[in-house]
Structures are given as C-alpha cells and as structure tokens.
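What follows is a single structure, written as structure tokens, with notes after it.
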Amino acid sequence: MTKVAIVTGGTRGIGEAISLALKKMGYVVAANYAGNDEKARAFSERTGIDSFRWDVGDHQACLDGCAAVADRLGSVDIVVNNAGITRDGVLAKMSFDDWNEVMRINLGGCFNMAKATFDGMRQRGWGRFVNIGSVNGQAGQYGQVNYAAAKSGIHGFTKALAQEGAKYGITVNAIAPGYVDTDMVAAVPAQVLEKIVAKIPVGRLGHAGEIARGVAFLCSEEAGFVTGSTMSINGGQHMY
Ligand SMILES: NC(=O)c1ccc[n+]([C@@H]2O[C@H](COP(=O)([O-])OP(=O)(O)OC[C@H]3O[C@@H](n4cnc5c(N)ncnc54)[C@H](OP(=O)(O)O)[C@@H]3O)[C@@H](O)[C@H]2O)c1
C-alpha cells in the first residue's frame, strides 16, 4: 500500500521542498499549514498535493486534522514536524507570549502530532517521524532563548520517542538545518545576515531542497536502522 505522509508547514519554504521530495518518492503527501490560504492554494494547484489548514500548536486541531487526512488519503505512516515560527528578542524585551507561542507551536506541535499518529503506526508496525530542529537549538543564538529552547527540546523529544518506537518499526530522527534561504531568514536584517553568512564555512545560505534530501532519506525504507539521530545540514557552521 502506498504510504501517506503529513508535512507540517508543508506549503512553503523548507516544508514545500520536503512535500515535493516525498511525493517524488511515491508517497501520498498531505501538506499542513497555519493560515496563509493564498500560498497553500497556489502550492496545491502547482504540485497536486492536498493542503490542510490547522494550527499544530492546538492539540485538538492536530487530532482532528490528522483524522481528516486519514479519511481523505489513508492511514498516516510518516510525519515530518517542520512547522515553526520565530519571535526573536533579547530576554529583557521578550514577552511571555513570545516565549509561549514559540514553545506551543515549535515544540508542542511535535507532541500533538505524535499523539495523533504514533498509535496507528505502532499498530501497523511501521512509521517515520522526522522533526526539524535547528543549528540554533544545538549551539544557542543571541536573542532567541525561546526558539533555541524549543528546538533543543525537539532534539530531546526525538531521542526519547525513538526509544519508544524502535520495537514497533517506527524511527524518529531530527534534522538540524543551518541558515536556509526561506521567508523566515528573509526576515533577518541584512547586516545581521551578512555576519551570519561570514561564519558559514561553505560561504552561503542553504537551499530548502538540501534539507529535503535529508528528510527523504530518513523517511525511506532503507533508513530503518537510523533512529534517534540528528542530521546536521548547516554548511559546516556548527560541528560536533
Ligand atoms: N529557514 C531557516 O534558515 C531555518 C533554519 C533552521 C531551522 N528551520 C526550521 O525549519 C522549519 C521551516 O522553516 P522555513 O524557513 O521554511 O519557515 P517559513 O518559510 O516561515 O514557513 C513556515 C511554514 O510553517 C507553517 N506554520 C507556521 N506556524 C504554524 C502552525 N502553528 N501550524 C501549522 N503550520 C504552521 C507556515 O504556514 P503558513 O504558510 O500558513 O503561514 C509555513 O507553511 C521551521 O521549523 C524552522 O524553525 C529553518
């Protein structure tokens, strides 16, 4: 049976590239998004991939959204937790809402999506989770205590769930991208971005397709022995 994949935040940026890469592998893909209907409609028309709107930070919305995907496309075998936001600022200027919203969506979304889909994968004896972390979750970043904490949490979440899934044929891995040329990075002031690129050994930003290639491998049948790992795709910016 053809496997079904959900990519959260799958209608633009890195998520769009992931949706396309998984479709190319022969999977049936559902692309989730938060609210940009115009981009989602254009994406679906362009790619033939169904898009589904819900907030991954909302627990019940994830349960309902995943049920809707399963009704339309079939049982969910693969989840790529890619949806993420930034609300940057130094601690002194960061509001509780900035902290909470980033934790709720970036980290809470992984929990909500796993709650909605893990049990079905366990019953069918096969599953793949790929959680998109960040180099800033590994190394920290000035002005991002919320984002770095949430992304670092994703790496811990990945290793813990990998231990629960292993005996059921479910692998759980993370990818930690460096700076990639999407709308999220376009929001970084030019002079700050220039300094960041100067510290990337390969001397450029990454491309969404380069992250998607890593996700595609981790979602493949051949990656069944890879679990609990974090793949860094960052142009050499951070190595350990
Ligand atoms: N770009 C980078 O340099 C970089 C580096 C490291 C890690 N990452 C991570 O990679 C992931 C993708 O980043 P990106 O740069 O492609 O982001 P992006 O261009 O800003 O796109 C974000 C996507 O996530 C969706 N989204 C946001 N909040 C959501 C929510 N509450 N529920 C469901 N979907 C939601 C958006 O939907 P709408 O279109 O409806 O808004 C959009 O599809 C993020 O987790 C990010 O933290 C990015």
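Order of listing sets the numbers, starting from 1, for every ligand and every atom in it.
Considering backbone and side-chain N/O of Val56, one or more are found under 3.5 Å from N/O of ligand 1. Taking only nitrogen or oxygen atoms, main chain and side chain alike, Asn36 reaches within less than 3.5 Å of ligand 1. In terms of N/O distances under 3.5 Å, ligand 1 is not approached by Ser134. The N/O atoms of Tyr33, backbone and side chain alike, include none that comes under 3.5 Å of an N/O atom in ligand 1. Inclusion of Gly35 in the set of residues having an N or O under 3.5 Å from an N or O of ligand 1 is warranted. The distance criterion of under 3.5 Å between nitrogen or oxygen atoms is not met by Gly57 with respect to ligand 1. For the pair Val180 and ligand 1, the shortest N or O to N or O distance falls below 3.5 Å. Checked by distance only, ligand 1 and Ile85 stay at 3.5 Å or farther apart across all their nitrogen or oxygen atoms. Ligand 1 has an N or O atom lying under 3.5 Å from an N or O atom of Lys151, backbone or side chain.
Numbered from 1 in the order shown, with element, the atoms of ligand 1 that lie under 4.0 Å from a heavy atom of Val185 read 1 (N), 2 (C), 3 (O). The contact set between ligand 1 and Tyr147, taken as ligand atoms under 4.0 Å from a residue heavy atom, comprises 6 (C), 7 (C), 8 (N), 9 (C), 46 (C), 47 (O).
Residues Ser220 and Tyr27 come closest through the heavy atom pair CA-OH, 3.8 Å. In terms of heavy atoms, Leu218 sits closest to Thr171 at O-OG1, 4.2 Å.
Residue Thr182 touches ligand 1 through its side chain alone, judged by heavy-atom distances below 4.0 Å. Within the 4.0 Å heavy-atom criterion, the part of Asn32 lying near ligand 1 is the side chain and not the backbone.
Scanning Ile132, Ile154, Asn82 for the heavy atom closest to atom 45 (O) of ligand 1 points to Asn82.
Phe96 and Leu107 fall within a single hydrophobic cluster, where Ile, Leu, Val, Met, Phe, Trp and Tyr are joined by side-chain heavy atoms under 4.5 Å apart, directly or via other members. Residues Met231 and Leu205 are members of separate hydrophobic clusters, defined by side-chain heavy-atom contacts under 4.5 angstrom among Ile, Leu, Val, Met, Phe, Trp and Tyr.
Side-chain atoms of Thr8 come within 3.5 Å of backbone N or O of Asn82 as a donor-acceptor pair.
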